[in-house]
Protein chains: 2
Amino acid sequence: MKPRRSTIKDVARRAGVAVSTASLVLNSKGYVSAELRRKVLRAVEELDYVPNRSARALVGKSTGNIGFIVAQEHFSKVEPFYTKVLLGTEFEARQHDYYILLTTVPFSYRANALPRFITEQSVDGVICAGRMGDRYAAELVERGIPAVVVDYGFKTVRLPVINVDNVRGGFLATEHLLSLGHRRIAFLGGDAGHPSIASRLIGYREAFRERGIVVDERLIRADEPGTGTADGYNGTRNLLRTKEPFTALFACNDAMAIGALRALKESGIHIPLNVSLVGFDNIDLCFHIDPRLTSVHVPKEELGAQALKVLLAVIEKGSTAVTNTLIDPELIVRESSSRPGRT
Amino acid sequence: MKPRRSTIKDVARRAGVAVSTASLVLNSKGYVSAELRRKVLRAVEELDYVPNRSARALVGKSTGNIGFIVAQEHFSKVEPFYTKVLLGTEFEARQHDYYILLTTVPFSYRANALPRFITEQSVDGVICAGRMGDRYAAELVERGIPAVVVDYGFKTVRLPVINVDNVRGGFLATEHLLSLGHRRIAFLGGDAGHPSIASRLIGYREAFRERGIVVDERLIRADEPGTGTADGYNGTRNLLRTKEPFTALFACNDAMAIGALRALKESGIHIPLNVSLVGFDNIDLCFHIDPRLTSVHVPKEELGAQALKVLLAVIEKGSTAVTNTLIDPELIVRESSSRPGRT
DNA sequence: GTTGTGTATCGAAACGTTTCGATATTGGGC
DNA sequence: GCCCAATATCGAAACGTTTCGATACACAAC
């Protein structure tokens with residue numbers, strides 16, 4: 001009932017050629033006459049032959065696997081952000097005949113937490129998704145394993161990066177609010193140490209500068225410990241407590257925006273009549289909350305797909321350049337932003 | 001800079017033993033004296049040796065990988081349901097030193113869509129997550145590949161199943177509404193061909209029967225094409241159009257409940273004052289919508305973890321029994337359900 | 001003293017590939 | 001008519017493991 005899988009030897013025998021010739025045909029290498037090639041291919045067909053990946057990996061260097069590393073804390077977040085990135089990677093990988101080995105790691109580096117697939121040499125390269133300890137990246141570089149980073153940028157380790165254009169995104173969000181007539185636009189960023197958030201803030205400032213408007217620094221809040229819903233909630237309450245008037249709020253991601261929304265609602269502030277709200281990421285949730293959230297769309301699947309493409313270039317061409325791939329974001333206007341009303 | 005990784009030969013040489021002895025030590029097999037064992041382990045330590053997985057897979061039968069198959073259409077759904085299942089599996093897998101090879105397949109079987117990791121023999125077993133074409137399962141069985149199913153049950157193929165107790169869940173939801181005093185409780189199920197939905201409906205009926213109350217069949221709606229937000233919306237509108245009065249609605253999953261919520265709101269029906277609403281799955285969204293949705297919690301991570309455990313039993317013990325593992329659901333009461341008010 | 005059994009160690013084969021020579025066979029250029 | 005390069009094919013080695021005998025030594029049982 002479970003017939004032994006056929007091997008390249010079976011193919012060779014049936015085609016009446018040497019194993020090495022069959023191998024050449026299968027890999028389109030060297031010189032093989034048209035006739036033998038045909039015979040081999042026929043045998044492959046008849047025997048339903050598929051090369052054994054382990055054997056291939058053993059002799060050659062390629063395993064056909066790509067490791068996808070994401071911090072535990074990120075992957076299980078409310079918004080399936082990295083799931084979508086992963087999905088994009090997986091889809092792209094399938095086109096190139098690669099498989100994805102997924103693993104999560106603790107956020108901060110732990111000595112023995114390095115994914116086993118790296119020490120056991122069962123991946124050709126690695127994609128690091130999102131923020132994680134720099135040491136992870138350092139280890140990868142040290143071992144000479146091809147790697148790229150998506151949606152983050154290590155400070156101390158230089159690796160190719162695939163990211164959404166956060167500066168541009170910050171600009172789009174802010175310019176949207178400015179063009180609606182808002183002038184007092186608060187910026188709600190969590191941990192300003194995160195490069196993406198810093199970039200979004202730069203975009204925020206650029207939008208103001210381009211219009212020759214001076215930013216009121218008191219409206220920039222970037223002192224929460226994290227970037228989750230709770231941080232958005234707390235940050236907004238802190239902001240309200242300062243009594244600084246504002247007619248719009250740009251939260252550095254949707255999770256924080258949702259927290260902000262709750263805080264504002266609780267204070268009897270209507271969205272968007274009293275305060276316009278714009279988020280970042282355009283997670284699915286944006287569409288299901290009330291009011292629907294205006295947000296900067298991040299093409300998550302595309303991030304993942306691009307990451308794989310760049311990684312493959314590193315693997316196959318041995319390219320070692322530290323490239324920086326930027327993906328364009330897009331502003332999605334929904335119900336949470338409008339012209340300023342009475343405050 | 002990139003030192004060749006050490007092999008078992010290096011270990012053997014350094015320990016002054018034969019390769020085969022080193023292998024015995026590493027696998028805790030056969031007879032090895034305490035002294036040699038110590039020497040070998042020291043050499044392993046000193047050389048930072050890690051066995052090469054490909055070589056192992058080639059000779060032995062174990063690859064140390066588990067395939068996780070989920071239908072494309074499901075994985076990219078709004079709610080990260082299967083992501084959490086996957087997360088549970090991944091976590092459990094790490095404890096047992098297995099890796100997860102993820103792949104998505106088209107919902108309905110296509111001839112050449114069988115994951116490559118199966119044909120290439122790079123997994124020891126497979127977890128099928130959620131509904132997908134029966135042919136996939138049939139192929140697996142035919143090839144004699146250990147497999148289990150989580151959150152679904154194939155009709156024509158017999159495989160071990162890991163599932164939430166849907167009957168119990170349906171019962172809990174309905175009993176909750178009954179105990180609040182509701183009597184006219186609508187059931188909103190999408191595609192009734194799905195075994196989970198059918199089971200939830202059974203639970204619904206049981207709750208009524210236990211109280212000796214007759215179900216009004218006109219309140220059971222299970223004729224939408226799918227189980228998404230849009231189906232919930234349409235189904236609810238159809239239900240409203242029948243003019244059948246009801247004071248509560250049990251949607252067979254949260255996505256449909258959210259669609260229902262929108263439809264009800266649009267008709268000026270207040271939740272929960274006019275109609276109580278209960279969903280199923282307890283996706284994160286439940287907590288972020290207004291009002292917060294009462295739902296039946298499905299321990300998704302646990303489903304994934306259990307699936308792995310059962311699969312490992314099949315792989316390692318060769319157990320071929322068609323088991324049926326049921327996980328207990330739990331009712332989470334939030335704001336969307338209350339005693340019946342004026343209708 | 002022979003036989004048997006449990007302990008200990010090792011060499012070699014095997015797993016399914018790819019790749020490196022080795023060896024033929026052409027045919028064109030001279 | 002000879003040489004060289006291009007074409008074609010093959011056998012064997014190599015990749016890093018595990019596992020299967022083979023061998024050897026104790027020690028107990030008869």
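Lettering follows sequence order; numbering is per chain, from 1.
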What is the distance from [atom1] of [X] to [atom2] of [N], rounded to the nearest Å?
X	N	atom1	atom2	answer
A:Asn27	C:dT17	CG	P	11 Å
A:Arg53	D:dC15	CZ	C1'	16 Å
A:Leu58	D:dG16	CG	C1'	5 Å
B:Glu120	C:dT17	CD	C1'	12 Å
A:Gln121	D:dC15	CD	P	13 Å
B:Lys9	D:dC15	NZ	C1'	8 Å
B:Arg5	D:dT17	CZ	C1'	15 Å
A:Ile8	C:dT17	CD1	C1'	7 Å

**Asked** Between B:Gln121 and B:Thr63, is a side-chain hydrogen bond (donor to acceptor under 3.5 Å, both in side chains) present by the stated rule, with each step listed?
**Response** CA-CA 8 Å; B:Gln121 310 157 67; B:Thr63 65; over 6 Å; no
**Asked** Under the 3.5 angstrom rule, does the side chain of B:Tyr49 hit a backbone N or O of B:Thr7 as a donor-acceptor pair?
**Response** no
**Message:** Under a 3.5 Å distance rule, please check whether B:Thr21 uses its side chain to pair with a backbone N or O of B:Val17 as donor and acceptor.
**Reply:** no
Considering only distance and modelled atom types, tabulate donor-acceptor pairs under 3.5 Å from the side chains of residues 126-141 of chain A, sequence neighbours left out.
residue, atom, partner, partner atom, Å
A:Arg131, NH1, A:Asp191, OD2, 2.8
A:Asp134, OD2, A:Lys155, N, 3.3
A:Asp134, OD2, A:Thr156, N, 2.8
A:Asp134, OD2, A:Thr156, OG1, 2.6
A:Tyr136, OH, A:Pro106, O, 2.8
A:Glu139, OE1, A:Arg143, NE, 3.4
A:Glu139, OE2, A:Tyr109, OH, 2.7

Phosphate OP1/OP2 of [N]: any [X] side-chain N/O under 4.0 Å:
X	N	value
B:Ser23	D:dT17	no
B:Asn52	D:dC15	no
A:Arg56	C:dG16	no

**Request:** Apply the test side-chain hydrogen bond (donor to acceptor under 3.5 Å, both in side chains) to residues B:Thr104 and A:Arg94: give CA-CA distance (whole Å), side-chain angles for both, the deciding distance (0.1 Å), then the verdict.
**Result:** CA-CA 9 Å; B:Thr104 57; A:Arg94 209 140 22 104; 2.9 Å; yes
**B:Lys29, nearest nucleotide to its side chain (from D:dT17, C:dT17, D:dT19)** = D:dT19
**Message:** Both B:Val59 and B:Ser20 contact DNA chain C. Which one's nearest nucleotide lies toward the 5' end?
**Reply:** B:Ser20
**Chi angles and distances behind the side-chain hydrogen bond (donor to acceptor under 3.5 Å, both in side chains) call for A:Asn65, B:Tyr99** = CA-CA 12 Å; A:Asn65 295 330; B:Tyr99 271 102; over 6 Å; no
**Request:** Return yes when atom CD of B:Gln95 has more than 12 non-hydrogen atoms of other residues, nucleotides or ligands closer than 6.0 Å, and no otherwise.
**Result:** yes
Nucleotide N/O of nucleotides 6-9 of chain C paired with protein N/O under 3.5 Å:
residue, atom, partner, partner atom, Å
C:dT7, OP2, B:Tyr31, OH, 2.6
C:dT9, OP1, B:Ser33, OG, 3.0
C:dT9, OP2, B:Ser33, N, 2.7
C:dT9, OP2, B:Ser33, OG, 3.0

**Prompt:** Which is true for B:Val11 with a 4.0 Å heavy-atom rule: it touches a base, it touches only sugar-phosphate, or it touches nothing?
**Reply:** nothing
